[in-house]
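Note on naming: letters A, B, ... go to the chains in the order of the sequence lines (proteins, then strands), and numbering restarts at 1 for each one.
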There are 2 protein chains.
Amino acid sequence: MVTIKDVAKEAGVSVATVSRVLNENGYVGADTRKKVMKAMANLHYSPNEVARSLYKRESRLIGLLLPDITNPFFPQLARGVEDEVNKEGYRLLLGNSDEDVQKELDYIQTFVQNNVVGMVSATNTVDHELYNALQLPLVLLDRTTEDYPSVYSDGREGGRLAAKTILEKGARHITLMKGPAHVKPAQDRYKGAMEMLSEAEVDFSVFSTYSYSFEDATSWAKELFTKYPDTDAVIASNDIVGIAVLHEALKRGKRIPEDVQIIGYDDIPQCSLSYPALSTIRQPAYEMGRQAAQLLIKLIRKENDVDKTIQLPVQLVERSTTRKE
Amino acid sequence: MVTIKDVAKEAGVSVATVSRVLNENGYVGADTRKKVMKAMANLHYSPNEVARSLYKRESRLIGLLLPDITNPFFPQLARGVEDEVNKEGYRLLLGNSDEDVQKELDYIQTFVQNNVVGMVSATNTVDHELYNALQLPLVLLDRTTEDYPSVYSDGREGGRLAAKTILEKGARHITLMKGPAHVKPAQDRYKGAMEMLSEAEVDFSVFSTYSYSFEDATSWAKELFTKYPDTDAVIASNDIVGIAVLHEALKRGKRIPEDVQIIGYDDIPQCSLSYPALSTIRQPAYEMGRQAAQLLIKLIRKENDVDKTIQLPVQLVERSTTRKE
DNA sequence: TTGAAAGCGCTACCAA
DNA sequence: TTGGTAGCGCTTTCAA
C-alpha cells in the first residue's frame, strides 16, 4: 500500500504539503503542487479513506436500510439513492432488515461504527427511541411521518385515484384489498380508497392480506375469488398481488377487463409484462430514491431552508386491465 | 461518542485491558473482565470499526459489484451474499456498474480505499489487468472463468436442457434467442442450446438480441414473430424476454402452449406470476450468492483445499408454457 | 495479569 | 509557502 508518506518522499516534500494538495486547501506553491501531483501519479496513490474517516470522524459512506431488496419495488428506490449519492462522492452501505427490529438495530450499529455521514431508511418499523438517539442525519423513504425528514408519495391520493378510476369505469362489485397492517404506505392507500368508496353508492368488500410475498400473492388471489365470486373489480394492494389476481381471474375464465377490472399499485417494471398489461397507480420509485438522497445530502451539509418533507405525486397508468370507458 | 478510553476510565483499568476483553485475547483476570464488561454496558460502548480497520488494515466490509440491481435476477444473488456474509459478521458495500468499466473501476477503488477484506463481482467486464493488480480475495459470481475463483451455474447444460425440452415436446419451428454478446453466461446457454439443436433434425432460426432491458424485451418479441411468423417454440434468452414473447404471442392470438411453446431462463420470482406461468430453466440465484460469499470467506481466511470453482446445477421447471408431453 | 506506548494513514494546527 | 507534530480510536508489543 502506498501512503501519503511515500508520496511525500517521492516528491521531496512533507506529508503536510501532500495533504494540502490532496484536499485543495491551505497554501501550496504552483510548482510544489506539480511535483506532488506527479509523485501521486507515479505511485498510483489513492488516499486511505479509513484514515481520513478516523481523523475527521466521518466517512464518505451513507447507510441504506431496506426491508428487502428482493421485493421488486425496492431495487428502483435503491438505484435512485445510489445514483444520486454517487454524484456527490458518497457510497452505500447496504442492509436488508426483513422488517426485523433486531436486524435493523444491528445495521444501524454498523452504520455508526463505520462513521457513515447519514442514512436513509425505507423500513416500516421506525423505532422512535432508537432513531431519536441517533446522532445522524436521517431521511425516511417511502414513509410519511412528522418526526423525521422523509420523502414519500401521496398514498392517500393514490388510493383515492385507484378507487375513483374503478368507480368511473362502472364497477358494481368492488373488492378492496388491504395490505399488511404494519406497512404504513399500504394503509394510506387503503384509507384513500376507502374514503372514495364510502362516498360512492356501490357495493364493496374489503379483503385483508398480511404479506407482500410472491408465494402468498397467489393464495390471496385464489381466496379472494372464492370469498367474493361476483367481484367485478379489484383494487389490489400492490402490483405483485394485482398480477396474481389478474392471472387467477384468467384461470377462472373471466375476461379482463370486461368481467373483472384490476388496478395495481406501484408500477413496478414488470407491470407492462403482464398480460393483459396491468393498469396501476404509479409511484415514482427511482425519483423518490433520488430525492431522498438529495435531501439527505442537504441535511448533511446543514443547508438552510431545506424542505424536510417531500411528497411526490402519484399517477394513474392506464393499461389493459381497466376498461377504456 | 464513547471510546475505549472512556470505558477504561469507567472501569479503572487501562485501554489495553479493555481491548483485550473486547477481542477476547491475551490474559485478563476474571473480575477485571467483569468490571470492564459492566463499564461497556453502562456506557453503551460499541467499538469504532474505523479505528480498528486502520490499525489492522482490514475492515469487516466486503464489496459487492453488480451490473444492475434493477434487473430482477440480481436481487436474489445479492441477498444470498448478504445473508451469508452477515452470518460471519461482515457487511456489504454495494455498487452497480451498469457494465461501465469506469464505474467498475471507481467502485473497486472505493473498496480498497475502505479496506474491504474481499469482493464479489457479478460484472461481465472482467478487466484482467485490473483484477490481476488487485490484492484482494475476489470471487466472480455468475461468471465462469479459469483465472479467478468463481461460482456460476451450468449455462451450457441449461441451454442444452432448454433445447432438449422443447425438442421432446414436438416443436417443429424453433426460434432460439441469442442474448447480448458481452454477457458470458448468456452465450454459454446459447451455445448449449445450439449444440442440442444442431444434433437434432429440426428447423430452427437464431434471433439475436442486444440487451436485457424491460423496455427492449417487448420490441424483441414483436420483431421475432414478424421475422419468424411460423415459430412454434421459442427458447428465450432469459425470463424477462420469455415473458415478453409470451404476451406478444398471446396478442397475436396464438394459444400457449398449443401453438407456441416458450421456455425462459433464470426462474426469476415473477415467472410464476406470468399467465400462463412460464416454464424455465432455473438458476439457483440465492444459493449462488450464498456459495460465492462462503467461498470468499474461505479465501479470506486462507483455508486450504478450498474448491475455487463452484458450478451449481441448473434445473428444468415445467410450468404452463410447454406442453405436458 | 496488567499498563505504557508505538503506530496504523491521515488532517490540521502552529511555527518557521 | 512549507514542515513538524499531535491526535483521531484502536491493537499489540514489551516491560513490569
Side-chain angles (χ1 to χ4, degrees), chain A residues 1-40 43-61 89 109-117 135, chain B residues 1-40 43-61 89 109-117 135:
Chain A
M1 177 191 252
V2 21
T3 74
I4 200 173
K5 232 171 165 174
D6 302 316
V7 177
K9 192 183 291 175
E10 170 91 3
V13 299
S14 76
V15 293
T17 302
V18 177
S19 178
R20 274 183 215 108
V21 345
L22 213 50
N23 297 286
E24 297 178 344
N25 59 17
Y27 294 95
V28 32
D31 39 346
T32 315
R33 150 166 286 109
K34 218 170 284 172
K35 273 193 307 188
V36 172
M37 300 283 256
K38 200 164 154 195
M40 295 202 295
L43 302 175
H44 301 294
Y45 173 69
S46 144
N48 181 324
E49 280 299 330
V50 175
R52 277 187 162 168
S53 170
L54 179 58
Y55 185 88
K56 312 240 276 188
R57 292 145 149 207
E58 64 174 49
S59 67
R60 303 287 290 168
L61 264 24
Q109 189 182 26
T110 298
F111 291 166
V112 320
Q113 286 181 314
N114 284 281
N115 286 174
V116 302
V117 273
Q135 287 305 309
Chain B
M1 177 191 250
V2 22
T3 73
I4 201 173
K5 233 172 166 174
D6 302 316
V7 178
K9 193 183 292 175
E10 169 92 2
V13 299
S14 75
V15 295
T17 302
V18 178
S19 177
R20 276 185 211 107
V21 346
L22 213 50
N23 297 286
E24 297 176 343
N25 58 18
Y27 294 96
V28 35
D31 37 350
T32 317
R33 149 169 285 107
K34 220 171 283 172
K35 275 194 303 185
V36 172
M37 299 284 255
K38 202 165 153 195
M40 294 201 296
L43 302 176
H44 301 293
Y45 172 70
S46 145
N48 181 323
E49 279 299 330
V50 176
R52 277 188 162 168
S53 170
L54 179 59
Y55 185 88
K56 312 241 278 191
R57 286 140 154 218
E58 64 175 49
S59 67
R60 303 286 287 168
L61 265 22
Q109 190 183 24
T110 297
F111 292 166
V112 319
Q113 285 181 313
N114 283 281
N115 287 173
V116 303
V117 272
Q135 287 305 310

task: Specify the closest pair of heavy atoms between Val50(A) and Leu54(B), including all atoms of both residues, with the distance to one decimal.
output: CG1-N, 3.6 Å

Rounded distance [0.5 Å steps], CD in Glu10(B) versus NZ in Lys38(B): 9.0 Å

Over all atoms of both residues, closest heavy-atom pair of Ile4(B) and Tyr45(B): N-CE1, 3.6 Å

Residues within residues 22-39 of chain A bordering DNA chain C, heavy-atom distance below 4.0 Å: Leu22(A), Asn23(A), Asn25(A)

message: Can you confirm whether Leu61(B) sits close enough to Phe111(B) that some side-chain heavy atom of one is under 4.5 Å from a side-chain heavy atom of the other?
response: no

statement: Interatomic distance, CE@Met1(A) vs CG@Asn48(A), rounded to 0.5 Å, equals 4.0 Å

message: At 10 degrees resolution, what angle do the end axes of the helix from dT1(C)-dA16(D) to dA16(C)-dT1(D) form when each is taken over five base pairs?
response: 50°

statement: Residues at least two apart in sequence or cross-chain that pass side-chain hydrogen bond (donor to acceptor under 3.5 Å, both in side chains) with Thr110(B), listed by chain then number, are Arg91(A)

query: Among residues 6-14 of chain B, which contact DNA chain C at a heavy-atom distance under 4.0 Å?
result: Val13(B), Ser14(B)

query: Hey, does Arg33(B) have a side-chain heavy atom less than 4.5 Å from the side chain of Val36(B)?
result: no

- prompt: Who pairs with Lys5(B) by side chain to side chain contact (heavy atoms under 4.5 Å, CB included), at least two apart in sequence or on another chain?
  reply: Thr3(B), Val15(B)

- request: Using the test side chain to side chain contact (heavy atoms under 4.5 Å, CB included), find all partners of Val117(B) that sit at least two apart in sequence or belong to another chain.
  value: Glu58(B), Ile62(B), Tyr90(B), Ile300(B)

field: Set of residues satisfying side-chain hydrogen bond (donor to acceptor under 3.5 Å, both in side chains) with respect to Asn115(A), sequence neighbours excluded
entry: Ser53(A)

- prompt: Excluding sequence neighbours, so at least two apart, what forms side chain to side chain contact (heavy atoms under 4.5 Å, CB included) with Arg57(B)?
  reply: none

message: I want to check something: taking the side chain as every heavy atom from C-beta on, are Arg20(A) and Asn25(A) in contact at a cut-off of under 4.5 Å?
response: yes

- request: For Ser46(A), check side-chain hydrogen bond (donor to acceptor under 3.5 Å, both in side chains) against everything at least two apart and list the hits.
  value: Gln109(B), Gln113(B)

- request: Report which part of the nucleic acid Thr3(B) touches: base, sugar-phosphate, or nothing (heavy-atom distance under 4.0 Å, all strands).
  value: sugar-phosphate

Side chain to side chain contact (heavy atoms under 4.5 Å, CB included) partners of Arg52(B), counting only residues at least two apart: Leu22(B), Asn23(B), Pro47(B), Glu49(B)

- prompt: If you walk 5' to 3' along DNA chain D, what is the first nucleotide with an atom under 4.0 Å of a heavy atom in chain B, and what is the last?
  reply: dG9(D) to dT13(D)

message: Just checking Lys35(A): does its NZ atom have more than 12 heavy atoms from other residues, nucleotides or ligands closer to it than 6.0 angstrom?
response: yes

message: Please identify the 5'-most and 3'-most nucleotides of DNA chain C with any atom under 4.0 angstrom from a heavy atom of chain A.
response: dG9(C) to dC13(C)

